[in-house]
Amino acid sequence: MIDCVENRLLTSRRGLLLGGASFAAWAYLPKFARAADGRDPRLVVVILRGALDGLSTVAPVGDPDYAGLHGSIALTAEGAHTALMLDSFFALHPSMPEFARMYRDQHAAVIHAVATPYRDRSHFDGQDVLESGYAGPGRVQSGWLNRALEALPRGERVSSGLAVGPTTPLVLRGNAPTVGWAPVALPQADDDTAMRLVDLYRHRDPALASALSQGLQLDKVASGDDMKPKPGNQVAQMRQVARGAAKLMAADDGPRIAALAFDGWDTHANEGGPVGRLAFLLGGLDGALAEFESGLGERWRDTAIVVATEFGRTARINGTDGTDHGTGTIALLAGGAVKGGRVISDWPGLKLANLYEGRDLKPTTDLRSVIKGVLQGQFGLSDRVLAETVFPDSASARPMKGLVA
Amino acid sequence: MARDSQAALVALNRFGFGARGGASGDLINAASDPRGFVKAELARPNGVLLEAPGLQSTPQLGQAVFAYQDQLKQAREAAKETAKAAAPAEAPQQAPTDPKPASRRNLSLNTVATEIAGQMTEAKPDTMQPNTAAPPAAKPAPQPLNVIQKTFRAEALARLQRATLAECGFTERLVVFWSNHFCISASKGELARIWAGAFEREAIRPHVLGRFADMLKAVEQHPAMLFFLDNQQSLGPDSRAGQNRKRGLNENLAREIMELHTLGVGGGYTQEDVTSLARIITGWTFAGRQGQLGTPGSFAFNANAHQPGAQMLLGKTYEATGLAQGEAALADIARHPSTANFVATKFVRHFVADDPPPALVARLRDVFVKTDGDLKALATALVDSDEAWKAPLTKMRSPYDFLVASGRLLARVPEDPGAYLSSLNLLGQPLWTPAGPNGFPDTSAAWAAPEGMKLRLDIAAQLGARLGNNIDPLDLLEFAAADAASIETRKTIERAESRQQALALLLMSPEMQRR
């Protein structure tokens, strides 16, 4: 009898997790925040952990140095798996057709050559800066999205900020209450983690390496080819996460602000070009954005999604067909509230002399300016609050104007 | 004395449950005096006993099961009566069923949450995860736990908390060792499940640093063991009960006493000896719900079921002294040279290596013989041996060890045993429920199997996803291994793409998996 209780608990380990208060927690975000035009704005922050290769996602195919630097994984505007031209200079990765459509409909935009103020190469610290909103990795236990939530006037009872996933990401942690939701089967070990572990075992513990590889192999055989969306794989999970979050946010009294994170962007080896590992992940991200669009329904009109990563990757391909930790990268905006159809960039160029430390796309735009622009456009937060509270000591990074329609 | 992190690793992992995270300073303490760190726990009087509010004695628990079973029976009978009475009448009028609300617009959050939650099982607060509360609106409330389930979970929790909080964990590891040596299985039935924790508390713990002969007697007279190996059904063929009921001997317990608990296979006993011991211990039972033999749920000697007469066992005659006949036999078996050898081998295999170093086994066997089975002396001799400190760390942590070590490193004291119990089920080591009376396997091959490793990784990834956000994996590596960590492990953790991933990799690292 108890066995069945325990089995139920077993499955629930992958089940619904609600953090903090109940769904109808004290609301910071007024419903119909923009009474003037009757809009009820929503904001989703998507964090890509592992440092996305912005030069492979939105490729500067018009830059004469791009193809040489990015080598075998460079995107091209011709041939099989053609990249999707966004303008005469930038082309989008072919595994993101939904984003391309949103872009054509002026509901998606790219900001290129962006970075947080962080200039070193540690994921942990880079993510700290990205999410805390402070200029350096200071171990602050609150995130900029939470502080933005706190700075909003209190209004009608809508739900608190929504943390999607097994825990609240730092960006949404803080004084303002949050709720959490995670879909079933979200926290499985992904391939990347498994491969890193196999690699460690190969060097330190061959017996465990062979046992684990066999175990993974069995699992693969049982679930078929891993590069197609199907229940349980990473692409399917990304869509599932987005679908659930969209559903919650679409409710009249649902959360207006959500944060989620997708892992796996640390492409040191076998990154792939128009097809391969990165393509697989970008397909998942593209699917997730489409799920938000369909799941939010009429609310999509009032929504802005910000996709950001802790830093970029080296401009030059490395010795294992991948890229190493870099600096400048992209941010993506999507949603009906976005004034899209543009790649916004003060393009630094990829000449050796123009690269940051001779290796990376040089950042010319502060990611905080982008995020501030979105927060201001959606919720009307003042320059002062943004510069002092949300992103402390960031007055020099002025909010980017006109990102939100 | 210089800090010796490698010795600290042995102290904490080979002998204990791994370093605790947070402010414990376990690794530093273990490094400055490795042997002293391990042996400190052996010196604590009554340190092995486990008493927690709400944990009850075996007779109390037995009565709780009997009462629960009576309750169910009454409820069933009442239901039968009601059904009989209601049968001729018309079925009660049903209210018109509401069609599913068609409107998809303006859904409220609770509706959405219910809908999403409806596809999932209900989440229980889970000790290994922070930040949880009940779901907003789950499926129909689950059945409340019955007394058996509640007891099992309370016993499990008390054991897990003790293991998590222990400084080194050596004595808790000894408890687990002896509990597995003298295992019962909770799957035997309701009594075994409710008694599993009490069995360990009452028959194992008081003797872990005492005498083997005392543990043996306590185990073989414990109602849980008598129930698990069917001795309460065994009747002396010539006893009064045996003649009346035309039933006879059950050799199960007698065989396992000699094969698994003392002499070991090839320990010099014959089928004759098994039968003889079975006869000797007839009448060893526990008092049933009627209480004719004593307090319900307590050990009892049923003279009516006991085979009369003297018995020959292992070349010695045991006179007909009733209960004392069996106690004398057990005392002798405990002292048998085969027992010393069997116990020493198993002990060294568990703590040192799958292929136990023969010299160490011989030394421990001699200690066992010389001290008349003093288990504290046995444990001390192990810690004092050089082999135990020099042998490479090649043993694979069992699932239980792995989960406890992870909980300790993450400095999370369990408040609910659910996550541990379900993970143990998943990893093939359900708590107190081995597949047979020989207990869970104790070799690396058994626990480093392909599917097991894959599942461990999944669990580590889940822990990483839930907890990685709030920790610095490199700090944890310092707590766990400091400079004894391999360069490769350190680099793998440093280069992980997120703290979550880094934590999963740390928990799976050889430093955490091997002991």
Side-chain angles (χ1 to χ4, degrees), chain A residues 1-2 5-6 8-13 15-20 22-24 49-51 123-124 127 159 165-170 180 184 187-190 192-194 196-197 199-201 203-205 207-208 211-212 214-216 218-219 244 247-248 250-254 263-266, chain B residues 106-110 112-113 116-117 119-124 126 129-136 142 145-146 148-149 152 193 418-419 421-422 425-426 448-454 457-458 460-462 465-467 469 486 488-489 492 496-501 504-505 508-510 513-514:
Chain A
M1 214 177 301
I2 193 150
V5 171
E6 282 155 18
R8 185 166 56 71
L9 288 170
L10 175 65
T11 35
S12 78
R13 283 168 58 84
L16 185 75
L17 321 166
L18 286 179
S22 78
F23 257 123
R49 291 189 200 279
H123 290 303
F124 307 155
Q127 286 162 23
S159 173
T167 50
T168 308
L170 176 59
V184 174
Q188 295 278 351
D190 58 43
D192 181 49
T193 308
R196 285 170 196 249
L197 185 60
D199 195 48
L200 169 59
Y201 284 169
H203 288 97
R204 295 297 308 177
D205 202 326
L208 291 188
L212 178 61
Q214 281 180 48
L216 294 164
L218 292 175
D219 208 54
K247 217 169 182 184
L248 293 169
D252 266 0
D253 52 354
D263 301 341
W265 307 88
D266 193 16
Chain B
N106 302 326
L107 280 175
S108 90
L109 192 62
N110 267 319
V112 177
I116 296 182
Q119 304 157 9
M120 301 164 193
T121 46
E122 185 225 1
K124 278 261 168 183
D126 170 344
Q129 97 201 12
N131 197 24
T132 47
L145 298 181
N146 66 38
I148 300 162
Q149 296 162 325
F152 190 87
R193 185 163 285 275
L421 293 175
S422 51
N425 291 348
L426 190 68
E451 182 62 8
M453 290 306 296
K454 161 78 173 79
L457 173 57
D458 284 346
Q462 290 188 22
R466 282 184 185 154
L467 304 175
N469 226 335
S486 74
E488 290 87 347
T489 295
T492 300
E497 73 168 7
S498 63
R499 289 200 172 89
Q500 286 87 338
Q501 186 182 56
L505 291 168
M508 290 305 291
S509 67
Q513 293 296 328
R514 301 279 193 184

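Since this is a predicted model, take the numbers as computed values, not measurements. Below, chain A is the first sequence line, B the second, and so on; all start at residue 1.
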Novice: By a 4.5 Å heavy-atom criterion (distance strictly below it), what part of B:T489 contacts chain A: side chain, backbone, both, or neither?
Specialist: both
Novice: Where do B:E497 and A:W265 come nearest, in terms of heavy atoms and distance?
Specialist: OE1-N, 3.0 Å
Novice: With rounding to the nearest 0.5 angstrom, report the CD to NE2 distance, B:E488 to A:H203.
Specialist: 6.5 Å
Novice: Verify side-chain contact (heavy atoms from CB on, under 4.5 Å) between B:N469 and A:T168, making sure each step is shown before the conclusion.
Specialist: CA-CA 8 Å; B:N469 226 335; A:T168 308; 5.6 Å; no
Novice: Rounded to the nearest 0.5 Å, how far apart are CZ of A:R204 and CZ of B:R514?
Specialist: 11.5 Å
Novice: For residues A:Q214 and B:P450, report the shortest heavy-atom separation together with the two atoms involved.
Specialist: OE1-CG, 3.5 Å
Novice: Just verifying a value: how many Å separate B:M508 CE and A:L212 CG, rounded to the nearest 0.5 Å?
Specialist: 6.0 Å
Novice: Would you please name every residue forming a side chain to side chain donor-acceptor pair (under 3.5 Å) with A:R196, sequence neighbours left out?
Specialist: A:D192, A:D266, B:Q501
Novice: B:S509: what forms a side chain to side chain donor-acceptor pair (under 3.5 Å) with it, not counting sequence neighbours?
Specialist: none
Novice: Find the distance between CG (A:L197) and CE (B:M453) and round it off to the nearest 0.5 Å.
Specialist: 6.5 Å
Novice: Give, as side chain, backbone, both or neither, the part of A:A51 having an atom under 4.5 angstrom from any heavy atom of chain B.
Specialist: neither
Novice: Please give me the minimum heavy-atom distance between A:A211 and B:A449, naming the atom from each residue.
Specialist: CB-C, 4.3 Å
Novice: Please report the shortest heavy-atom distance between A:A189 and B:A461, naming the atom on each side.
Specialist: CA-CB, 3.4 Å
